[in-house]
Amino acid sequence: MNVTHLECALCNLRHEANTLQNLCRDCGKPLLVRYDLEKAAASLTLDSLQTRESSLWRYREVLPVVDGENIVSLGVGWTSFFKTDRLAATLPIKLDLYIKDEGQNPTQSFKARGMTAAISMAKELGVTKLAVPSAGNAAGAMAAYAALAGMEANIFMPADTPRANTIECQQTGANVTLVDGLITDCGKIVAERKDAEGWFDVSTLKEPYRVEGKKTMGYELFEHFSQFQNQKSKIQNLPDVIIYPTGGGTGLIGMWKAFDEMEQMGWIGSTRPRMVTVQSETCAPIVRAFERGERFADEFENASTVASGLRVPKAIGDFLILDAIRASGGTAISVTDEELVAAVAEIGALTGIFTAPEGAACLPALRKMIERNDVREGESVVMFNTGSGVKYLEAFA
């Protein structure tokens with residue numbers, strides 16, 4: 001076991017590992033898992049990965065579960081990675097354009113990565129009841145993994161969450177409550193009731209382990225790019241640009257953490273991909289804070305978007321997202337709902353991938369980046385599709 005401690009992402013206060021904790025006891029900000037990376041690197045090598053399982057648990061040395069018997073998994077991770085030449089040909093400049101398709105995960109979204117880690121640790125630490133507020137896909141992943149682990153799942157979702165998500169949770173045994181409001185309103189209910197009900201809160205970044213599952217997307221990118229020997233990235237075995245649809249932001253935060261761990265283990269140098277956040281114009285707190293030069297993002301008033309995963313008006317990890325964007329030389333871009341819905345059909349017709357609206361938002365964002373000269377001829381760009389379009393049929397009515 002290589003975990004050394006938990007550390008507050010803001011004030012750096014050290015917390016004990018392997019105890020049930022949510023947020024920093026001093027400042028109330030997210031906790032991150034820290035590892036003995038020298039020890040991890042002794043066995044987590046590129047050669048060793050050649051014979052490991054095709055799931056995110058191939059990176060066991062940098063994941064928090066001690067006893068393998070506590071791993072709760074439906075085979076999550078190691079999703080497909082595509083070079084999309086036909087889609088790239090529609091752009092005004094020549095790029096090496098790739099899609100990482102997280103819709104191939106169990107429960108059809110990247111949220112399964114976070115939940116396999118969080119619920120495995122909950123099992124290891126003796127949790128029996130879980131609660132989560134969700135815009136949809138996190139709830140589906142939590143319900144599925146809680147069912148597999150034999151835990152009680154209590155889910156609070158906005159009343160207008162896509163029906164596929166609510167039905168999925170009900171059919172996998174969760175207690176589902178629909179709330180008139182946004183995900184932030186659902187979060188308030190969980191916070192108010194969790195102590196009395198005996199629930200452990202697995203909200204985004206309000207526990208330390210979901211981000212650990214999400215960070216494996218960064219490790220997988222490294223492996224994918226190691227196989228593309230002719231790619232022209234200036235960064236060894238990583239793309240020049242990563243475009244990521246951002247609600248709560250754990251995917252982007254997790255990959256940024258993975259790159260730091262890989263550097264400490266000697267896999268990569270200090271150069272990083274430029275990290276790009278994409279949000280909807282009608283819910284863009286990170287974009288607004290980035291443009292204002294702020295480190296923390298104010299709550300976005302009257303938030304709305306058909307891309308339900310982007311409808312997060314206030315992210316607890318706002319400063320981590322903004323720090324990563326700025327440190328990497330990246331940017332934050334908003335697109336309209338009309339643009340992101342139209343992009344679903346365009347991507348589908350040219351790649352065969354039925355993306356979630358959130359993932360499709362990466363394409364109009366990329367076009368805007370090209371117009372602004374934020375992406376240059378010949379660079380390598382990865383767009384993340386965070387889920388399957390099948391979960392969003394109402395968005396295409």
Keeping the roles fixed (side chain from Ser388, backbone from Gln108), state whether a donor-acceptor pair exists under 3.5 Å. no
We want to know whether Ser334 and Gln279 form a side-chain donor-acceptor pair, criterion being a heavy-atom distance below 3.5 angstrom. no
Are any of the side-chain heavy atoms of Met369 and Ile243 separated by less than 4.5 Å? yes
So, does Lys29 use its side chain to make a donor-acceptor pair with the main chain of Gly317 at under 3.5 Å? no
Identified side-chain contact (heavy atoms from CB on, under 4.5 Å) counterpart of Lys368 within the set Thr331, Val278, Val335: Val335
Ignoring hydrogens and angles, state whether a donor on the side chain of Asp47 or Thr45 is under 3.5 Å from an acceptor on the partner side chain. no
Contacts of Thr282 that satisfy side chain to side chain donor-acceptor pair (under 3.5 Å) - sequence neighbours left out: Ser280
Scan Glu261, Arg58, His224 and name whichever one has a side-chain hydrogen bond (donor to acceptor under 3.5 Å, both in side chains) with Tyr219. Glu261
Is there any ring-ring contact (aromatic ring centres under 6.0 Å, His included) pair reaching into residues 373-397, and which pairs are they, with sequence neighbours excluded? Tyr244-Phe384, Phe354-Phe396
Indicate yes or no for a side-chain donor-acceptor contact from Asn105 to the backbone of Gly77 under 3.5 Å, with no hydrogens or angles considered. yes
A side-chain contact here means heavy atoms from C-beta on lying under 4.5 Å apart; do Val76 and Gln104 qualify? no
Got a sec: does the CD of Gln170 have more than 12 other heavy atoms crowding it under 6.0 Å? yes
Under 3.5 Å: donor-acceptor pair, side chain of Tyr145, backbone of Leu74: yes
Does Leu125 share a hydrophobic cluster with Val202, counting links as ILVMFWY side-chain heavy atoms below 4.5 Å and allowing steps through other members? yes
Keeping Glu358 on the side-chain end and Gly309 on the backbone end, is there a donor-acceptor pair under 3.5 Å? yes
When you check the gap from the basic side-chain N to the acidic O, do Asp201 and Lys129 get nearer than 4.0 Å? no
Determine yes or no for a side-chain-to-main-chain donor-acceptor pair under 3.5 angstrom, with Thr161 supplying the side chain and Met157 the backbone. no
NZ/NE/NH1/NH2 to OD/OE distance under 4.0 Å, Arg274 and Asp240: no
Between the side chains of Thr90 and Arg367, does any donor sit under 3.5 Å from an acceptor? yes
Can you find a heavy atom in the side chain of Phe82 that is under 4.5 Å from one in the side chain of Thr351? no
Got a donor-acceptor contact below 3.5 angstrom from the Asn154 side chain to the Leu130 backbone? yes
Kindly say whether Gly75 contributes a backbone atom to a donor-acceptor pair with the side chain of Ser55 at under 3.5 angstrom? no
Would you mind checking if Glu61 and Arg52 are paired as a salt bridge, meaning a charged N to carboxylate O distance below 4.0 Å? yes
With a 4.0 Å cut-off, would you call Glu7 and Arg34 a salt bridge? yes
Salt bridge flag under 4.0 Å for residues Glu263 and Arg272: yes
Counting only heavy atoms not in Asn302, do more than 12 sit closer than 6.0 Å to its CG atom? no
With side chains defined as the heavy atoms from C-beta onward, is the minimum distance between Gln171 and Thr166 less than 4.5 Å? no
State, without any angle test, whether Ser328 and Trp256 hold a side-chain donor-acceptor pair at a distance under 3.5 Å. no
Looking at Glu53 and Arg60, is any side-chain nitrogen of the basic one under 4.0 Å from a carboxylate oxygen of the acidic one? no
Glu212 and Tyr59: side chain donor to acceptor below 3.5 Å: no
Could you tell me if Thr79 and Asp101 have a donor-acceptor pair between their side chains, going purely by distance under 3.5 Å? no
Validation row: Phe200, Val127 side chains within 4.5 angstrom (heavy atoms): yes
Any donor-acceptor N or O pair under 3.5 Å, side chains Thr184, Lys314: no
Looking only at the side chains, is there a donor atom on one of Thr216 and Arg113 sitting less than 3.5 Å from an acceptor on the other? yes
Distance-only polar pair, side chains of Asn137 and Lys391, donor-acceptor under 3.5 Å: yes
Less than 4.0 Å between a side-chain N and a carboxylate O, is that true for Arg288 and Glu294? no
Do the side chain of Thr355 and the main chain of Val344 share a donor and acceptor less than 3.5 angstrom apart? no
Answer yes or no: is there a donor N or O on one side and an acceptor on the other, between the side chain of Lys215 and the main chain of Val62, under 3.5 Å? yes
